[in-house]
Amino acid sequence: MKLSKSFGKTVREAPADADMISHQLLIRANFIRSTGAGIYTFMPFGYRVIRKIWAIMSDEMDKINGQELWMPNLHPAPLWQATGRWDSVDVLFKLKTGSREYALSATHEEIVVDLALREISSYRDMPQMIYHISKKFRDERRARGGLIRLREFVMKDAYSLDVNEAALDEYYPEMVQAYFNIFERCGVTVTAVNADSGNMGGTASQEFVVIHEQGEDSFIACDNCDYAANVEAASFVREGEKPSQLNELVKVLTPNCKTIAQVAAFIGVETSQTNKAVFYWWTMPGKEENGRFVFGLTRGDLDINETKLRNALGGGELRAATEEEIIAISATPGYASPIGLNVAKDFEDDGVLVIADPSIEAGGNFVVGANDHEYHFTGANYPRDFAITTMADIAQAETGHHCPQCDGRITAHRAIEAGHCFKLGTRYSEAVEATFLDENGRPQPIFMGSYGIGLDRLLAIIVEEHHDKNGIIWPAEVAPYDIHLLHIGKDEEVLETAVSLYTDLQKAGFDVLYDDRNARPGFKFKDADLIGLPWRVTVGKRGLAEGNVEVKKRDADERQLIPVGQLIQFLIDNR
RNA sequence: CGGGGCAUGGCGCAGUUUGGCAGCGCGCUUCGCUGGGGGCGAAGAGGCCGUGGGUUCAAAUCCCGCUGCCCCGACCA
């Protein structure tokens, strides 16, 4: 490609509101252009990188017996209604035309399970793994970070179909390894962590995360062992002992102490010597009218993780309870505890659902609300002084907590989610009765797995990890071109040499970007650094007088003079 | 969806406080000089000041509504 003919051009300044480095550099270097919030055009350079990543993914998927196909992006509504996700997936783009309704492809489980229903009839038809690379559309409430969170994006999604859970369990690690291979070939350092499977449903999932302070995800990793998990799935040891002697329950006046920090300071104890109550209104999907009050209880120094709480409840939606709802269960906002409330004995019982974190037993003689305005109790102990409905791990893991696997401490990291693997099990196949006949002629549900990586996000992550103050530094396998060729000055011999190198390098199998513009050298060098191809070859009068051209790797400081005749062999040797 | 910010030529910005000719840098066109890290000079093109209403002799500037974009949070397959 001759730079003088390429579509679009590099710009000196990125839009001021581009916050992430990848966003700034990709715009400046003419890889992407914004078309709307969370909607981008891939310019020719950017699209070449997408195709390079695409090739890596196809290669790794094919190696584990994947078959690439191409599924549609317009999904008839009945397919999504059949799995129940037409109503439960709130980022789904829906279209209506006449009497027909469609969803834009937010993901492709519905299409796959529909295909499986038609194509898989016997255990002999499995195992299968199919995948494709195509557009996804999600009505994100807030697109952000350039290519990090988009409304329209490109995803590689793969789906495995197996006869039973054991077969899925056996295949799953191959996919995880393929994921590590993909990320490694793209030059990205990932950590695999156990994660919550969220709306996807299923039995297990792993997230591939890249540590990044501007990431929107966070995960927990042990400083000492290999324990790692998304905060929504991370556990930790509740440190603290029950006191040997239980104090008496005493009601004390605590004026203006509505927060844990205030009451702890007023009484003169650590926040870990208190209990924290958080109130939610919980609704199961499709049963909005049958909402229930949920009382979440943890030790005062810990926070409730809503996803963990939701999982403890078996799903559904949570929102903060209103003051009226709190008063309606006879609790006092700011001074609440389960003491004196009609606590449900179990989920069937009508009382108040109290979900408590085990941390309320790691300690004792707590300060808790007295359900009376401006009063707290001291010396509160479970189960002596109050009942709960159930105990569950609902507290958020934080930096400094004790690792659940070893003696180490855990640290919370901000991260970008680069990929996700789910063991879906029979969540989708049962919804549409996608079954097959086993060896005994009995119908069995298909066991599915689904595995996704966002290509645009991955491209952005590559830039986040591979750049310097001058521009992008593309890893060789994903670079849009191999060589940035440029000439300096107007000297006839220089021009002729550059033009013939342009042809010869391409004949030797290299992808070459030739800066043939009549521009000053500094200008060309700045552009070369910005675009960030692995090799820069400079033809100038000075070097050529000695029969040399200058070769520089983008990520190295030193330049080498190579005789023109040996350039191709040099580049092949150093590929 | 809650909070905050921004909207002036392709990009980056000034001008808005205190209403009175729409400006600067980069980029673009033409010409000349220059030629190893975004060079210099000269002459040009390009803007309904996001949008709808209002106040006023007069609105980029003041008032009200709307839209778009960015950031934080919530949510997230």
Side-chain angles (χ1 to χ4, degrees), chain A residues 8-20 23-24 27-30 33-39 80 83 85 88-92 103 105-110 136-146 148-151 153 155 157 159 195-202 205 207 214-218 230 232 305-307 310 317-320 416-417 419-422 424 427-428 450-454 457 469-471 486-491 494-495 515 517-531 536 538-544 549-550 552 559 561:
Chain A
K9 55 166 86 65
T10 59
V11 290
R12 193 194 293 252
E13 287 169 293
D17 50 21
D19 209 48
M20 293 189 77
H23 192 192
Q24 295 168 6
I27 286 176
R28 287 190 52 209
N30 192 27
R33 291 291 181 250
S34 169
T35 304
I39 307 170
W80 282 77
T83 61
R85 294 208 295 179
S88 69
V89 175
D90 59 358
V91 295
L92 197 64
S105 52
T107 174
H108 282 79
E109 279 80 12
E110 276 70 10
K136 297 284 182 285
F137 302 86
R138 295 179 188 177
D139 189 10
E140 296 290 352
R141 267 88 121 225
R142 186 184 158 213
R144 53 169 295 241
I148 294 300
R149 187 181 181 93
L150 297 163
R151 296 213 165 90
F153 58 102
M155 185 182 239
D157 41 327
Y159 303 85
D196 176 67
S197 48
N199 283 344
M200 291 293 288
S205 85
E207 227 175 83
Q214 285 166 292
E216 54 188 349
D217 207 354
S218 48
N230 187 286
E232 296 171 349
N305 181 293
E306 284 186 25
T307 301
R310 185 159 55 234
E317 291 299 321
L318 288 172
R319 63 158 170 83
I416 299 170
E417 180 184 353
H420 210 144
C421 291
F422 295 92
L424 298 175
R427 152 88 175 80
Y428 295 89
S450 95
Y451 318 89
I453 302 179
R457 182 182 285 186
K469 66 179 180 0
N470 295 315
L486 61 93
H487 69 255
I488 285 170
K490 287 177 173 169
D491 184 85
V494 166
L495 272 171
D515 190 347
R517 297 174 300 183
N518 178 23
R520 290 172 58 89
F523 188 89
K524 290 188 172 187
F525 290 143
K526 286 289 185 190
D527 254 2
D529 287 346
L530 181 59
I531 294 168
R536 188 182 82 192
T538 307
V539 185
K541 198 172 178 179
R542 267 183 355 209
L544 206 55
V549 292
E550 179 196 286
K552 179 181 172 296
R559 309 153 181 201
L561 291 174

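Residue numbering restarts at 1 for every chain, and letters A, B, ... go by the order of the sequence lines.
Checked against salt bridge (charged side-chain N to carboxylate O under 4.0 Å, His left out), A:Arg141 has the following partners two or more places apart in sequence or in another chain: A:Asp90. Scored by the side chain to side chain contact (heavy atoms under 4.5 Å, CB included) test, A:Lys526 finds A:Asn470 as partners (sequence neighbours excluded). Partners of A:Glu140 under the salt bridge (charged side-chain N to carboxylate O under 4.0 Å, His left out) rule, at least two apart in sequence or in another chain, are A:Arg149. Every residue two or more places apart in sequence or in another chain that forms a side chain to side chain contact (heavy atoms under 4.5 Å, CB included) with A:Arg559 is listed here: A:Arg536, A:Glu550, A:Lys552. Contacts of A:Ala14 classified as side chain to side chain contact (heavy atoms under 4.5 Å, CB included), with partners at least two apart in sequence or in another chain: A:Gln24, A:Arg28.
Under 4.0 angstrom from either OP1 or OP2 of B:C76 there lies at least one side-chain N or O belonging to A:Arg310. Distances shown here put every side-chain N or O of A:Arg144 at or beyond 4.0 Å from the OP1 or OP2 atom of B:C69.
Among the protein residues, A:Leu530 comes within range of the nucleic acid bases, having at least one heavy atom under 4.0 Å from a base atom. Within 4.0 Å of A:Glu140, counting heavy atoms only, lies no atom of the nucleic acid at all. No engagement by A:Asn470 is indicated, since no non-hydrogen atom pair under 4.0 Å with the nucleic acid exists.
Counting only N and O atoms by type, the side chains of A:Asn30 and A:Thr10 include no donor and acceptor under 3.5 Å apart.
When each of B:A74, B:G12, B:G36 is scored by its nearest atom to the side-chain atoms of A:Phe525, the top-ranked nucleotide is B:G36. Closest to the side chain of A:Glu13, out of B:G12, B:G38, B:G37, is B:G12. Checking B:C11, B:G36, B:G38 against the side-chain heavy atoms of A:Pro15 singles out B:C11 as nearest.
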Treating primed atoms plus P, OP1 and OP2 as sugar-phosphate and everything else as base, which nucleotides of nucleotides 28-34 of chain B get B, S or - for protein heavy atoms under 4.0 Å?
------B

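Protein atom CG of A:Asp90 is 7 Å distant from nucleotide atom C1' of B:C75, rounded to whole Å.
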